[in-house]
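As structure tokens, the structure follows; a few thoughts come after it.
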Protein chains: 2
Amino acid sequence: MPRSAEQTRKRILDGAYTLFRRHGYSRVSMDDIAAKASFTKRTLYHHFKSKDQLLADVLACQQELALQAFKTFGDRLSGSPEAIVEGMFRELAVWADRPRWAGSGFTRLVIELADLPGHPARLIARRHKARLERCLGELLERSGVRRAGELARAIWLLSEGAISLILVHGDQGYSAAAANAAMTLVRSHLDKHQKAVRAAGNGSVNWR
Amino acid sequence: MPRSAEQTRKRILDGAYTLFRRHGYSRVSMDDIAAKASFTKRTLYHHFKSKDQLLADVLACQQELALQAFKTFGDRLSGSPEAIVEGMFRELAVWADRPRWAGSGFTRLVIELADLPGHPARLIARRHKARLERCLGELLERSGVRRAGELARAIWLLSEGAISLILVHGDQGYSAAAANAAMTLVRSHLDKHQKAVRAAGNGSVNWR
DNA sequence: CAAAGTATACTCATTAGTGAATTTACAGGG
DNA sequence: CCCTGTAAATTCACTAATGAGTATACTTTG
């Protein structure tokens, strides 16, 4: 065995993720991916059954990392709901400010495949988003907010909306607008009087 | 001249819009579009310089209709900000409930072309979204809400987020969640005590 | 008849996917 | 310690289909 299969697989998955995320699905060819990972296309087909399956595997693999990143992110935040929200949107702003940022890989790919509800990649992306939303809900729950699930969903909506609109307009201002709106919502979910708007760590993991 | 050029152009634009909206850009071929409009591909190239230009023209044409639809929609609404918001999200729910709904054509296409900031279609989509947001702002302004522009942007974020998440999960519940959040935001933008939550007409124009 | 409009029949590049040969790493016999 | 068989890993060279875009001839209408 010239190389450990595991290593090769990983190199392919990594390269493919980068390309898919940056250029979408259709516009990335198997040859592109092969070139990126410095293998022949035939090798890709040795490790992955088809392009669609490769995409699914890429997302499945990325999902693990992203979920971990989000949990780490959650741990870094102090307990106040304001801090959680502020941290979330600050991170979004940092993330979206990167040179050739092209949105959330998961969202982007699902939207590209919007008319193919049976595509394996969609199922994975869907589960991923649902899990993240639940995580946020738990985080908020622990922070002592009322109807945390409802709030989490609203914040998630703002976050996805911000991703779309930043992409459309190339204007990071939408992230600040989303943060403001989210803060208003948080306050409306607070029992009477709670405050404490502590800051949170930054970093540029991307778990969307 | 076998047919009026204008008529042919329109038939092509209509068919192309349907296809692009449903399947995205890359996965629709010029042959598909030609077939849809019952012309030969060569005819398309007689009327449009390239596929990219066709897309741009499609969006430009659709933009007019969509803007008009939104204005009509705005006129139908009674003046209270709650009614405006409720109407918006009810319409979204109806729209997203259609059989093979695949999101907002504009958003979808911009996201697909996220890595091509210079693409002519992006400029048009961008202007379109900006104009709609401004329209919503004016609508809210007239309804007597404070900081209408800020509110409009927040609502717009929720709306775009809902489109994304409905697409991801196939769950129209996100539209209701967005509506609730929007309503909370509206209330926080109301001067002291205003109410009146009148209903508005429905219909299924899609101006996103 | 003239000119715009439409069709036939291509070109050339690219793409997902494959058949068959070739290389490599390691197991076990000498 | 080397040699060698073997199976996995990788490559080369290909197919068949599809895509954007075009040269040219035909058709329709004013």
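Values below: every heavy atom of this structure, side chains too, minus hydrogens, waters and symmetry copies. So you know, we letter chains A, B, ... as the sequences are listed, proteins then strands, and number each from 1.
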Can you check nucleotides 19-22 of chain D for protein contacts, nitrogen or oxygen pairs under 3.5 Å, and list what you find?
from, atom 1, to, atom 2, distance (Å)
D/dA20, OP1, B/Lys51, NZ, 2.9
D/dA20, OP2, B/Met30, N, 2.9
D/dA20, N7, B/Lys41, NZ, 3.0
D/dG21, OP2, B/Tyr45, OH, 2.9
D/dG21, OP2, B/Lys51, N, 3.1
D/dG21, N7, B/Lys41, NZ, 3.1
D/dG21, O6, B/Lys41, NZ, 2.7

Please give, in whole Å, the distance from [N] [atom2] to [X] [atom1]?
X       : N      : atom1 : atom2 : value
A/Leu54 : C/dG17 : CG    : P     : 10 Å
A/Phe48 : D/dT10 : CZ    : P     : 11 Å
A/Ile33 : C/dT14 : CD1   : P     : 17 Å
A/Arg11 : D/dA9  : CZ    : P     : 14 Å
B/Ile12 : C/dG5  : CD1   : P     : 11 Å

Can you check whether [X] has a side-chain N or O nearer than 4.0 Å to OP1 or OP2 of [N]?
X       : N     : value
B/Thr43 : C/dT6 : no
B/His47 : C/dA4 : no
B/His46 : C/dT6 : no

Minimum-distance nucleotide to A/Thr8 side chain [options: D/dT11, C/dA7, D/dA9]: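 For the A/Thr8 side chain, the nearest candidate turns out to be D/dA9.
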Can you name the side chain to side chain donor-acceptor pair (under 3.5 Å) partners of [X], sequence neighbours left out?
X        : value
B/Gln53  : B/Asp57
B/Gln63  : none
B/His119 : B/Asp52
B/Ser50  : none

Review item, side-chain donor-acceptor pairs of residues 32-39 of chain A, under 3.5 Å, at least two apart:
from, atom 1, to, atom 2, distance (Å)
A/Asp32, OD1, A/Ser29, OG, 3.4
A/Asp32, OD2, A/Ser29, N, 3.0
A/Asp32, OD2, A/Ser29, OG, 3.2

Ring centres under 6.0 angstrom apart (A/Tyr17, A/Phe20):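 So the answer is no for these two rings.
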